[in-house]
Protein chains: 4
Amino acid sequence: MASYAVAADQLKSIIERIERLEEEKRAIGDDIKDVYTEAKGNGFDTKALREIVRMRRQDPNERQEAETVLEVYMQALGMLPLFGAAEKAA
Amino acid sequence: MASYAVAADQLKSIIERIERLEEEKRAIGDDIKDVYTEAKGNGFDTKALREIVRMRRQDPNERQEAETVLEVYMQALGMLPLFGAAEKAA
Amino acid sequence: MASYAVAADQLKSIIERIERLEEEKRAIGDDIKDVYTEAKGNGFDTKALREIVRMRRQDPNERQEAETVLEVYMQALGMLPLFGAAEKAA
Amino acid sequence: MASYAVAADQLKSIIERIERLEEEKRAIGDDIKDVYTEAKGNGFDTKALREIVRMRRQDPNERQEAETVLEVYMQALGMLPLFGAAEKAA
DNA sequence: CACTGGAAAATGCCGC
DNA sequence: GCGGCATTTTCCAGTG
């Protein structure tokens with residue numbers, strides 16, 4: 001019977017730890033939002049900012065590969081790639 | 001009192017119409033998923049496919065503008081744009 | 001070389017199928033919007049309507065989670081289960 | 001010309017602040033994952049744990065929607081409200 | 001007409 | 001390794 005009590009205590013502890021961490025995470029998420037809002041107020045384009053952040057987060061090699069696949073498909077569809085592939089080889 | 005009954009009938013009708021339409025919408029969503037799955041089975045890169053679809057959906061001018069902003073930011077951050085801007089002017 | 005052409009055709013076919021399906025999906029989305037708009041014109045509260053639809057959509061899921069250990073955990077945490085176990089067996 | 005430099009500095013600052021915050025956020029996300037992993041090692045069902053956390057998170061929202069016409073609609077549709085209106089007034 | 005909040009899509013992760 | 005789930009991000013309608 002005591003074991004149930006122990007389990008209940010454990011459970012409570014787990015849930016509370018998670019909730020505390022999630023609260024922190026949410027707070028930081030809000031901070032991030034604030035930075036974007038402030039940036040916007042200073043005339044920056046938040047969508048472009050987000051894209052920059054995303055690009056920097058990615059592995060350059062992966063990004064490169066993804067881009068290459070994309071261009072092959074665009075070629076096949078007759079969509080001119082915005083930029084030539086040739087100069088990349090250089 | 002009858003007016004309540006009428007309203008209840010109207011309400012039911014509204015809800016059911018929406019639910020029917022949402023069911024259709026969901027079914028089409030499943031179809032789309034199937035196409036991607038099949039494409040994947042044929043060796044296509046679904047992520048790139050999704051990007052192609054997204055690009056074709058976008059207004060070319062908007063895409064162009066967004067890209068321009070992005071490059072300005074990348075320049076300012078010393079991130080070499082993957083492709084030169086010069087050739088675009090051409 | 002022909003294989004590239006084939007792949008290009010396949011690719012076009014895939015993209016077009018997706019685009020067609022997405023167009024259908026979008027049209028249905030518009031229909032749904034129309035129903036809400038019309039309902040609003042008849043004095044219904046669209047927000048509440050959406051809530052109703054959401055609730056009815058979620059119900060089946062809740063039934064499925066009946067077999068989880070959820071209730072045991074809720075008991076241990078002093079959260080009353082929404083419904084007694086007895087009535088579920090019924 | 002100096003203004004460009006200023007803007008570039010501002011931009012760098014913004015990006016770096018976001019990246020720092022995202023790193024913190026990611027770290028906390030990892031901590032949360034760790035708690036779940038540890039709990040699992042102690043015999044808890046992580047899926048049920050997540051459900052508990054979600055339920056506790058949603059409760060406040062449900063309280064807020066108390067003032068909607070939801071119940072009227074539910075009545076009209078023969079859906080019993082989860083809780084009586086009387087106890088809400090309390 | 002910009003902004004906030006909510007729905008939809010997409011990405012990433014975990015379990016099988 | 002893949003399918004399904006959860007999270008995250010994006011989009012869009014409603015609102016001030």
Side-chain angles (χ1 to χ4, degrees), chain A residues 18 21-22 25-26 28-30 32-34 36-41 43 45-55 57-59 62-63 66, chain B residues 18 21-22 25-26 28-41 45-55 57-59 62-63 66, chain C residues 18 21-22 25-26 28-30 32-37 39-41 44-55 57-58 61 64-65 68, chain D residues 18 21-22 25-26 28-30 32-37 39-41 45-55 57-58 61 64-65 68:
Chain A
I18 291 169
L21 288 167
E22 290 207 338
K25 193 164 158 233
R26 198 198 51 72
I28 293 177
D30 287 349
I32 293 173
K33 209 181 301 175
D34 288 347
Y36 279 115
T37 301
E38 183 194 331
K40 186 176 188 175
D45 176 333
T46 57
K47 185 169 173 174
L49 290 179
R50 285 176 193 278
E51 182 141 4
I52 293 277
V53 170
R54 199 184 326 126
M55 287 175 68
R57 200 189 300 139
Q58 279 181 8
D59 178 66
E62 287 177 24
R63 164 121 196 114
Chain B
I18 291 168
L21 288 167
E22 290 207 338
K25 191 163 159 235
R26 198 199 51 73
I28 293 176
D30 287 350
D31 289 346
I32 293 172
K33 208 182 301 175
D34 288 346
V35 175
Y36 279 114
T37 301
E38 183 193 333
K40 185 178 186 173
D45 177 332
T46 58
K47 187 169 170 172
L49 290 179
R50 284 176 192 280
E51 181 139 6
I52 293 278
V53 171
R54 198 182 328 127
M55 287 174 67
R57 203 189 297 139
Q58 279 181 9
D59 178 65
E62 286 177 25
R63 165 122 198 113
Chain C
I18 291 168
L21 287 166
E22 291 207 337
K25 193 164 157 231
R26 198 198 51 71
I28 294 177
D30 287 350
I32 293 172
K33 207 180 305 172
D34 288 348
V35 176
Y36 279 115
T37 301
K40 187 175 187 174
F44 288 96
D45 177 332
T46 58
K47 184 171 174 173
L49 291 178
R50 285 177 192 278
E51 178 89 20
I52 293 278
V53 171
R54 197 183 329 130
M55 288 176 66
R57 196 193 302 136
Q58 283 173 173
N61 296 337
Q64 286 179 348
E65 74 194 10
T68 65
Chain D
I18 292 168
L21 288 167
E22 290 206 337
K25 189 162 159 237
R26 198 198 52 71
I28 293 177
D30 287 349
I32 293 172
K33 209 182 300 175
D34 288 347
V35 176
Y36 279 114
T37 302
K40 186 176 186 175
D45 176 332
T46 58
K47 184 170 173 172
L49 290 178
R50 285 176 191 278
E51 177 89 19
I52 293 278
V53 171
R54 196 182 330 128
M55 286 176 67
R57 196 193 302 135
Q58 284 175 171
N61 295 337
Q64 286 178 349
E65 73 194 12
T68 65

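Side chains are part of it too, since the values below use all heavy atoms of this structure and drop only hydrogens, waters and symmetry mates. Proteins come first, then strands; the chains are lettered A, B, ... in the order of their sequence lines, and each starts at number 1.
Taking for each of Arg57(A) and Thr37(C) the nucleotide of DNA chain F with the nearest heavy atom, the 5'-most of the two is the partner of Arg57(A). Nearer the 5' end of DNA chain F, as judged by each residue's closest nucleotide, is the contact made by Arg50(D), out of Arg50(D) and Thr46(C).
The separation between Arg54(B) atom CZ and dT9(F) atom C1' is 11 Å, rounded to whole Å. Remark: P of dT4(E) and NZ of Lys47(C) are 16 Å apart, rounded to the nearest angstrom. Atom CG of Leu49(C) is separated from atom P of dA13(F) by 18 Å (rounded to the nearest Å). If you measure from atom CG of Asp34(C) to atom P of dG14(F), you get 11 Å, rounded to the nearest angstrom. Between Lys40(A) atom NZ and dC1(E) atom C1' the separation is 11 Å, expressed in whole Å. Between the CG atom of Asp59(A) and the C1' atom of dG12(E) there is a distance of 16 Å, rounded to whole Å. Taking atom CD on Glu22(D) and atom P on dT8(F), their separation rounds to 11 Å, with Å as the unit. In this structure, Met55(B) places its CE atom 17 Å from C1' of dT10(F), rounding to the nearest Å.
Contact annotation: Lys33(B) side-chain N/O to dG4(F) OP1/OP2 distance is not under 4.0 Å. The side chain of Arg26(C) places no N or O atom within less than 4.0 Å of a non-bridging phosphate oxygen (OP1 or OP2) of dA8(E).
If you check dA9(E), dT10(F), dA10(E) against the side chain of Lys25(C), the one that comes closest is dA9(E).
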**Asked** After noting the C-alpha distance and the side-chain angles of Glu38(B) and Asp34(B), does the key distance pass the side-chain contact (heavy atoms from CB on, under 4.5 Å) rule?
**Response** CA-CA 6 Å; Glu38(B) 183 193 333; Asp34(B) 288 346; over 6 Å; no
**Prompt:** Between Glu51(D) and Met55(D), is a side-chain contact (heavy atoms from CB on, under 4.5 Å) present by the stated rule, with each step listed?
**Reply:** CA-CA 6 Å; Glu51(D) 177 89 19; Met55(D) 286 176 67; 4.3 Å; yes
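In terms of heavy-atom proximity, Thr46(B) sits nearest to Tyr36(B) at CG2-O, 3.5 Å.
Taken to the nearest 0.5 Å, the CD1 atom of Ile18(C) stands 6.0 Å off from the CG atom of Leu49(B).
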